[in-house]
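Right, one structure below, let's go through it.
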Amino acid sequence: MIIVTLVVVLAMGGGGLAWYVVAETDDLANQTAAAEQLLATSEGKVAEQTTRVGLSAQIAEAQSVLDESVLTRLTTGTGDARDTLEAATDAVDASMVEFARGRVTEARESLAAAQARGEKIYQATKGKGVDDAVRARLQAALETMAAADAAADSTLGSEDLTELAQAADELSTNRSVVTVATQALSDAQDAITCPAPDQTWDPDSGKVPSSALAEIPWAPTHFVRADVLPGLIELDAAYQKAFGEHLTINSSYRTYESQKSLYDPSSPIAAPPGCSNHGLGLAVDIGGGVETFDTEQYTWLKQNAETYGWTHPDFAEPNGRVPEPWHWESVLARAGL
């Protein structure tokens with residue numbers, strides 16, 4: 001069969017044409033192998049999955065051309081197959097660059113959030129007794145992070161996948177360093193400002209912007225953080241079905257100044273300003289029977305509140321640090337959010 005085909009090829013153009021067909025075939029075979037490698041390495045690394053689907057289809061088409069006889073390839077050529085495979089390969093390459101740039105952009109956005117938090121903690125702890133060395137570590141981390149962000153900004157114009165990947169990794173590493181340094185400074189301030197181990201200092205405590213708060217509908221003048229209000233409303237609706245009345249709200253969000261006026265260092269009842277979840281809009285004090293342990297209302301809340309995103313914290317339990325049956329918090333307070 002090989003001899004017959006060679007005779008036909010020679011008859012149609014001589015040995016030179018035969019070698020041309022072989023060379024074109026080799027080019028297409030090499031191109032197909034490279035495309036198959038690209039298809040494998042691009043998995044999970046493209047901005048548009050359809051580009052990989054297209055490349056897979058063109059690889060199959062190129063392979064079908066390679067599987068044809070020499071005579072068929074001689075008459076039809078391989079140019080179209082090579083052109084379409086090249087276009088599909090270019091589309092995947094471009095999509096991989098877009099994906100890599102997207103990773104850098106996402107990392108920069110995440111870094112910006114860590115930077116904002118770090119800078120807030122750094123400024124809020126100024127002059128409040130924290131070891132200067134702890135603050136200096138955060139300052140150094142913030143400066144290094146700023147340099148990495150500036151470098152990543154210039155890298156966004158690159159089409160080098162290795163360079164883009166390195167930029168994203170460096171941003172992620174810097175974010176982790178800043179996050180750790182920020183937490184260390186926050187913990188150091190905790191140790192100075194908040195006397196109890198279950199209290200957490202937060203620079204936003206008592207300073208939540210009004211745009212982030214929402215009024216409790218059945219308790220005018222009382223506010224909680226807007227994102228936890230829906231759960232409180234649902235909890236109140238269920239409570240009404242059980243007892244025929246709204247939850248009695250005696251206390252909710254407190255400003256820094258109002259917490260300061262309540263705080264008595266000789267009493268554990270009110271936390272120091274900056275250490276209370278009331279100051280974050282994540283706590284309410286409830287009356288109407290709930291202010292006493294083991295009442296029907298208190299027991300009902302213990303059994304049902306967490307279904308709606310509210311809980312009775314450990315420190316306020318009967319055997320807790322400060323037994324307060326009336327104090328209830330959003331479960332987000334547990335997560336430190």
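Note: hydrogens, waters and symmetry copies are ignored here, and every other heavy atom, side chains too, is used.
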Go through the steps to decide whether Asp187 and Gln183 satisfy the test side chain to side chain donor-acceptor pair (under 3.5 Å), and finish with yes or no.
-> CA-CA 6 Å; Asp187 290 345; Gln183 189 60 52; 2.8 Å; yes
Using only heavy-atom distances, determine whether the side chains of Glu119 and Gln115 contain a donor-acceptor pair under 3.5 Å.
-> yes
Neighbour count above 12 (heavy atom, 6.0 Å) for Lys45 NZ | no
Could you tell me whether Glu296 atom CD has more than 12 heavy atoms of other residues or ligands within 6.0 Å of it?
-> no
Say whether Thr182 and Arg117, considering side chains only, have a donor N or O and an acceptor N or O under 3.5 Å apart.
-> no
Value for OG (Ser42) from CD (Gln49), rounded to nearest 0.5 Å, stands at 7.5 Å
Mark yes or no for whether Ser154, through its side chain, and Ala151, through its backbone, hold a donor-acceptor pair below 3.5 Å.
-> yes
Within a strict 4.5 Å, meaning less than it, do heavy atoms of the Thr51 and Asp93 side chains meet?
-> no
Indicate whether the side chain of Thr255 and that of Ser258 have a donor and an acceptor atom separated by less than 3.5 Å.
-> yes
What one should report as the nearest heavy-atom pair of Trp326 and Pro323 is CH2-O, 4.3 Å
Please check if the side chain of Ser172 supplies one atom and the backbone of Ala168 the other of a donor-acceptor pair under 3.5 Å.
-> no
Within 45° of the ring axis of Tyr122 and under 6.0 Å from its six-membered ring centre, is that where the NZ or CZ of Arg135 lies?
-> yes
Could you walk me through whether Leu38 and Thr89 pass side-chain contact (heavy atoms from CB on, under 4.5 Å), step by step?
-> CA-CA 8 Å; Leu38 177 62; Thr89 299; 3.5 Å; yes
Do the side chains of Pro272 and Pro195 get nearer than 4.5 Å, heavy atoms only?
-> yes
Got a donor-acceptor contact below 3.5 angstrom from the Gln199 side chain to the Ser276 backbone?
-> no
Sub-3.5 Å donor-acceptor pair from the side chain of Thr248 to the main-chain atoms of Ile286, do we have one?
-> no
How about Ser95 and Glu48: does a side-chain donor come under 3.5 Å of a side-chain acceptor?
-> no
Do Tyr239 and His246 come within less than 4.5 Å of each other through their side chains, counting heavy atoms only?
-> no
Scan side-chain atoms only and decide if Ser266 and Asp264 contain a donor-acceptor pair under the 3.5 Å cut-off.
-> yes
Between His312 (side chain) and Glu324 (backbone), is there a donor-acceptor pair under 3.5 Å?
-> yes
Hey, are Asp153 and Arg108 close enough for a salt bridge, meaning a charged N less than 4.0 Å from a carboxylate O?
-> yes
Steps toward salt bridge (Lys or Arg N to Asp or Glu O under 4.0 Å) verdict (Asp204, Lys120) | CA-CA 9 Å; Asp204 292 329; Lys120 176 180 284 188; 2.8 Å; yes
Does the side chain to side chain donor-acceptor pair (under 3.5 Å) test come out yes or no for Gln259 and Arg254, once each step is laid out?
-> CA-CA 6 Å; Gln259 188 69 30; Arg254 297 174 190 161; 3.1 Å; yes
Under a 4.5 Å side-chain heavy-atom rule over Ile, Leu, Val, Met, Phe, Trp and Tyr, are Val322 and Phe293 clustered together?
-> no
Measuring from Arg82:CZ to Leu28:CG, what's the distance to the nearest 0.5 Å?
-> 7.0 Å
Would a hydrophobic clustering, with Ile, Leu, Val, Met, Phe, Trp and Tyr connected at side-chain separations under 4.5 Å, put Ile192 with Trp201?
-> yes
Nearest heavy-atom contact between Ala283 and His278 is O-ND1, 3.4 Å
Face-on cation placement of Lys207 at Tyr256 ring, 6.0 Å and 45° thresholds | yes
Under a single-linkage definition using a 4.5 Å side-chain heavy-atom cutoff for Ile, Leu, Val, Met, Phe, Trp and Tyr, are Ile269 and Tyr263 assigned to the same hydrophobic cluster?
-> no
Side-chain donor/acceptor of Ser251 to backbone N/O of Val284, under 3.5 Å = no
Step-by-step side-chain contact (heavy atoms from CB on, under 4.5 Å) determination, Val177 to Thr144 = CA-CA 10 Å; Val177 172; Thr144 302; over 6 Å; no
Apply the test side-chain contact (heavy atoms from CB on, under 4.5 Å) to residues Leu282 and Val224: give CA-CA distance (whole Å), side-chain angles for both, the deciding distance (0.1 Å), then the verdict.
-> CA-CA 6 Å; Leu282 297 176; Val224 291; over 6 Å; no
Would you find a donor on one side and an acceptor on the other, under 3.5 Å apart, between the side chain of Arg225 and the backbone of Val208?
-> no
Tyr308/Val228 under side-chain contact (heavy atoms from CB on, under 4.5 Å): CA gap, chis, key distance, verdict = CA-CA 10 Å; Tyr308 304 97; Val228 302; over 6 Å; no
Which side-chain N or O atoms in residues 216-223 pair as donor and acceptor under 3.5 Å with protein atoms at least two apart or in another chain?
residue: Trp218; atom: NE1; partner: Leu247; partner atom: O; Å: 2.9
residue: His222; atom: ND1; partner: Ser252; partner atom: OG; Å: 3.0
residue: His222; atom: NE2; partner: Ile249; partner atom: O; Å: 3.4

Rounded distance (nearest 0.5 Å) linking atom CG of Asp131 with atom CG of Leu185 = 10.0 Å
Spell out, as yes or no, whether a donor-acceptor pair under 3.5 Å connects the side chain of Glu306 to the backbone of Gln303.
-> no
Are any non-hydrogen side-chain atoms of Lys302 and Glu317 less than 4.5 angstrom apart?
-> yes
Asp27 atom CG, neighbour heavy-atom count above 12 within 6.0 Å | yes
Please lay out, stage by stage, how Arg101 and Glu106 fare under the test salt bridge (Lys or Arg N to Asp or Glu O under 4.0 Å).
-> CA-CA 9 Å; Arg101 286 175 177 165; Glu106 290 174 2; over 6 Å; no
Leu142 side chain near Met145 side chain, heavy-atom distance below 4.5 Å | yes
Heavy-atom closest pair (Pro318 atom, Tyr298 atom, distance to 0.1 Å) is CD-OH, 4.4 Å
Heavy-atom side-chain contact between Ser56 and Leu39 under 4.5 Å = yes
What closest approach, in Å, do Val290 and Trp328 show between heavy atoms, and which atom pair accounts for it?
-> CG1-NE1, 3.5 Å
Please round to the nearest 0.5 Å and tell me the distance separating atom CG of Leu164 and atom CE of Met96.
-> 10.5 Å
Check the hydrophobic clustering (I, L, V, M, F, W, Y; side-chain heavy atoms under 4.5 Å; chains of links allowed) and say if Leu332 and Leu301 are grouped together.
-> yes
Can you list every ring-ring contact (aromatic ring centres under 6.0 Å, His included) pair that touches residues 144-163, not counting sequence neighbours?
-> none
Interatomic distance, Asp132 atom CG to Lys126 atom NZ [nearest 0.5 angstrom] = 11.0 Å
Minimum side-chain heavy-atom gap Val134-Thr125 below 4.5 Å | no
Identify whether Leu156 and Leu171 are in the same connected component of the hydrophobic contact network (ILVMFWY, side-chain heavy atoms under 4.5 Å).
-> yes
Closest non-hydrogen atoms of Thr155 and Ala167, given as atom of the first, atom of the second and distance, are CG2-CB, 3.9 Å
For Thr295, does its backbone N or O pair with a side-chain atom of Thr292 as donor and acceptor, under 3.5 Å?
-> no
Which heavy atom in Thr32 sits nearest to a heavy atom in Ala62, and how many Å separate them?
-> OG1-CB, 3.5 Å
Check for a donor-acceptor pair, side chain of Asp236 on one end and backbone N or O of Leu232 on the other, with a separation under 3.5 Å.
-> no
Could you check if a side-chain atom of Glu36 sits within less than 4.5 angstrom of a side-chain atom of Gln63, using non-hydrogen atoms only?
-> yes
